[in-house]
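Step one of this worksheet: look at the structure below.
Whatever order the structure lists them in is the order used to number ligands and atoms, beginning at 1.
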Amino acid sequence: MERLDKIIANLGYGSRKEVKAFVKKGLIEVDGVIVKDNGINVDPENVSIKINGEEILYRKYIYLMMNKPAGVISATHDSRDETVIDLLEVDHQAFNPFPVGRLDKDTVGLLLLTNDGDLNHRLIAPKWHVDKVYYAKINKNVDENDQKAFKEGIVLDDGYKCLEAKLDIISSAEEESEVKITIQEGKFHQIKRMFEALNKQVVYLKREEFGGLPLDIELEEGEYRELTENELALLKSY
Ligand code: URA
């Protein structure tokens, strides 16, 4: 059971004060009965709530896929920089979503956002082996020795030995190489630090896939959409 005004406000239909005003005007119905008290408790899963005759779609959780642009922070608040939450519409912000894991400020690509803490936990815990696939540009040649090092587990600057990771070479040249990397963990600056351990630098990084879910190519950088039921089912299968 939850307070009716809180349920409606959390779904993005207005502030608690505005909801109170709707009640006063007789615009809110629960199971066909006009509500007189905005403080009543109801079970949102089991009642029909209407605002001005229109049934509202109750949901506790939202699941979003964003193509994160460079220059924004993967956090809910930041005192200086714009965050990925600032890019969401107010209706989506009302759910208090947070990013699933982090991408660096200069990294672009697939970022999931949700307010479902359980799913978030399962997707970021290394023990579930959720693959994350990145496309990267590297400032030097990349060769079989690098691939072997990724497979064996690269040791980072702090002594941490990474899990086995996959390095696919798209093209290799002295000035710049293109690669795909598949990792199952998400340590701080992990891919950049993996290449630094090989004396190379990542000059561009984009996440293309998360848990078998590819970034929707229709999404421009900075755009997002809700996950489809099938996409969500895929993530929940972990
Ligand atoms: N590895 C990095 O170095 N940065 C990211 O944003 C993601 C993975």
- prompt: When only distance counts, is R102 in polar contact with ligand 1, meaning an N/O pair under 3.5 Å?
  reply: no
field: Min heavy-atom dist Y134 to ligand 1 below 4.0 Å
entry: yes
query: Considering only heavy atoms of T107, which atoms of ligand 1 have at least one such atom less than 4.0 Å away?
result: 4 (N), 5 (C), 6 (O)
query: Any idea which protein heavy atom is nearest atom 1 (N) of ligand 1, and the distance to it?
result: I191 N, 3.1 Å
message: Below a 4.0 angstrom heavy-atom separation, can you tell me which part of I183, side chain or backbone, both or neither, approaches ligand 1?
response: neither
- request: State whether D157 and R193 are salt-bridged, where the test is any N-O pair (Lys NZ or Arg NE/NH1/NH2 against Asp/Glu carboxylate O) under 4.0 Å.
  value: yes
query: Can you tell me how far CD of E45 sits from OH of Y58, rounded to the nearest 0.5 angstrom?
result: 5.5 Å
- prompt: Taking C-beta and beyond as the side chain, do P44 and E2 meet within less than 4.5 Å on heavy atoms?
  reply: yes
Solution key, residues 98-111 side-chain donor-acceptor pairs under 3.5 Å, sequence neighbours excluded:
| unit_1 | atom_1 | unit_2 | atom_2 | d |
| --- | --- | --- | --- | --- |
| D104 | OD1 | H189 | ND1 | 3.0 |
| D104 | OD2 | H189 | ND1 | 2.9 |
| D104 | OD2 | K192 | NZ | 2.8 |
| K105 | NZ | D81 | OD1 | 3.2 |
| K105 | NZ | D81 | OD2 | 3.3 |
| D106 | OD1 | K192 | NZ | 2.7 |
| D106 | OD2 | K192 | NZ | 3.4 |

- prompt: Can N67 and E221 be counted as having a side-chain donor-acceptor contact under 3.5 angstrom?
  reply: no
message: Checking a contact table here: which protein heavy atom is nearest atom 4 (N) of ligand 1, and how many Å away?
response: D104 OD2, 2.7 Å
